[in-house]
> 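To start, I am sharing the structure in question, which I have written as structure tokens.
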2 protein chains.
Amino acid sequence: MNLTIGTLAAATGVHVETVRYYQRRGLLREPPRPLGGIRRYDEHDARRLNFIQKAKHMGFSLDEISSLLRLEDGSHCQEARELGERKLGLVRERIAQLRKVERALQGLLAACRANAGSVSCPLISALLDEQP
Amino acid sequence: MNLTIGTLAAATGVHVETVRYYQRRGLLREPPRPLGGIRRYDEHDARRLNFIQKAKHMGFSLDEISSLLRLEDGSHCQEARELGERKLGLVRERIAQLRKVERALQGLLAACRANAGSVSCPLISALLDEQP
DNA sequence: CTTAAAGCCGTACCTGACTACGGAAGCAAG
DNA sequence: CTTGCTTCCGTAGTCAGGTACGGCTTTAAG
């Protein structure tokens with residue numbers, strides 16, 4: 001496998017500029033460029049880029065992905081696990097928070113639907129109410 | 001009630017600069033300033049600022065809050081409801097997405113804990129795996 | 001050999017919601 | 001009346017994670 005930046009980008013569903021950006025950030029190596037010319041990537045780079053995409057999907061930030069990539073050889077499970085556990089905690093917090101919002105919104109919208117023609121909108125009133 | 005920007009900010013738990021920012025964004029009126037001087041706010045402004053804070057908590061963006069504020073008189077429940085319903089949909093999507101992440105992470109971490117000393121870390125391997 | 005597409009580079013710009021800065025002017029307490 | 005905290009203003013910077021630009025060189029196809 002011998003990829004230019006464009007084919008690598010296309011293959012992994014990422015913009016060319018993003019690949020360059022990841023290189024600047026140190027998430028991808030600067031690949032060899034034979035004879036003063038253009039970057040040549042291999043399947044290792046593609047795998048790494050794939051790793052980054054999946055980790056992003058898991059909610060890891062680019063900085064965290066940096067850390068994970070330093071554990072790429074798989075022999076530091078403990079550290080990887082700690083990172084994962086922190087992330088899982090945050091994900092759960094976020095879910096809990098969103099559920100509160102969901103319930104609040106749900107209640108207000110139900111009141112709105114029951115409202116049918118009254119003067120004041122329950123959603124607006126709730127937001128206007130002085131209570132914290 | 002006759003508030004300076006500082007007391008208003010303190011009363012609503014917002015930075016002074018943020019109040020000015022909201023004014024620039026059109027979320028708060030420019031309050032009267034008697035005699036070439038400093039802004040004087042009243043409890044209507046405090047209520048509005050409170051409204052903004054609560055709506056932010058509900059996940060509304062400042063642009064959406066602008067829209068909501070235009071319905072402040074409570075007589076356009078239909079429109080407010082539509083905004084709320086859109087938001088609720090987004091909140092639910094986000095929750096669903098985060099739950100997927102939660103489950104994935106949970107599985108990987110369980111594998112990590114069961115791993116105990118094997119060569120390759122399940123979390124890292126999963127991210128490295130070629131499968132989408 | 002020519003030409004068009006793709007790659008190169010540094011730098012600037014984008015979104016959203018602020019936050020900081022710095023120097024001038026106002027205001028309240030003593 | 002002075003001191004010192006607030007407020008005033010416009011502008012610029014912050015964060016993350018890119019995206020865009022423009023002018024230049026390389027490369028691949030015909």
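Just so it is clear: chains get the letters A, B, ... in the order the sequence lines come, proteins before strands, and each one is counted from 1.
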> Can you tabulate the close N/O pairs, meaning under 3.5 Å, that link protein atoms to atoms of nucleotides 2-7 of chain C?
| from | atom 1 | to | atom 2 | distance (Å) |
| --- | --- | --- | --- | --- |
| C:dG7 | OP1 | A:Thr4 | OG1 | 2.5 |
| C:dG7 | OP1 | A:Gly6 | N | 2.8 |

> Using OP1 and OP2 only, check whether a side-chain N or O of A:Lys56 sits under 4.0 Å from D:dG18.
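Result: yes.
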> What is the distance from CG of A:Leu49 to P of D:dG18, rounded to the nearest Å?
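Rounding to the nearest Å, CG of A:Leu49 and P of D:dG18 are 11 Å apart.
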> What are the two closest non-hydrogen atoms of B:Ile5 and B:Arg20, and how far apart are they?
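Between these two residues, the closest heavy atoms are CD1-CG, 3.5 Å.
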> Any side-chain N or O of A:Tyr22 under 4.0 Å from OP1/OP2 of D:dG18?
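Yes, because at least one side-chain N or O of A:Tyr22 sits under 4.0 Å from OP1 or OP2 of D:dG18.
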> Between B:Leu123 and A:Leu71, is the side-chain contact (heavy atoms from CB on, under 4.5 Å) condition met? List the steps.
CA-CA 10 Å; B:Leu123 176 49; A:Leu71 314 173; over 6 Å; no
> Can you find a side-chain donor-acceptor pair between B:Asp63 and B:Ser61 that sits under 3.5 Å?
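There is no such pair (donor and acceptor under 3.5 Å, judged by atom type) between the side chains of B:Asp63 and B:Ser61.
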> Going through the checks in order, is the side-chain contact (heavy atoms from CB on, under 4.5 Å) test met by B:Arg86 and B:Glu64?
CA-CA 11 Å; B:Arg86 259 202 292 292; B:Glu64 289 165 335; over 6 Å; no
> Output a table of nitrogen or oxygen pairs between the protein and nucleotides 19-23 of chain D separated by less than 3.5 Å.
| from | atom 1 | to | atom 2 | distance (Å) |
| --- | --- | --- | --- | --- |
| D:dT19 | OP2 | A:Thr18 | OG1 | 2.6 |

> Given atom CD of A:Glu64 and atom P of D:dC15, what is their separation to the nearest angstrom?
16 Å
> I'd like to know if B:Glu102 pairs up with B:Arg99 as an ion pair, taking the criterion as any Lys NZ or Arg NE/NH1/NH2 lying under 4.0 Å from an Asp or Glu carboxylate oxygen.
no
> Taking for each residue the nucleotide of DNA chain C bearing the nearest heavy atom, is the 5' side occupied by B:Arg40 or by B:Leu62?
B:Leu62
> Measure from CG on A:Leu28 to C1' on D:dG18 and round the result to the nearest Å.
14 Å
> When the distance from CG of B:Leu8 to C1' of D:dT7 is rounded to whole Å, what number comes out?
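Taking CG of B:Leu8 and C1' of D:dT7, I get 13 Å after rounding.
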> With distance as the sole criterion, is a donor-acceptor pair present between the side chains of A:Gln97 and A:Arg94 under 3.5 Å?
yes
> Between atom CZ in A:Arg33 and atom P in D:dT26, what is the gap in whole Å?
12 Å
> In this structure, how many angstroms lie between the C1' atom of D:dC8 and the OH atom of B:Tyr41, rounded?
11 Å
> Measure from CD on B:Gln23 to C1' on D:dC8 and round the result to the nearest Å.
12 Å
> Could you walk me through whether B:Tyr21 and B:Leu27 pass the side-chain contact (heavy atoms from CB on, under 4.5 Å) test, one step at a time?
CA-CA 9 Å; B:Tyr21 173 68; B:Leu27 293 171; over 6 Å; no
> Whole angstroms only, please: what is the CD1-C1' distance between A:Ile52 and D:dG18?
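After rounding, the gap between these two atoms is 13 Å.
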> Do B:Leu8 and B:Arg39 have side chains that approach each other closer than 4.5 Å (heavy atoms only, starting at C-beta)?
no
> Under the side chain to side chain donor-acceptor pair (under 3.5 Å) rule, collect the residues that match up with B:Glu79, sequence neighbours excluded.
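Not a single residue meets the side chain to side chain donor-acceptor pair (under 3.5 Å) criterion with B:Glu79.
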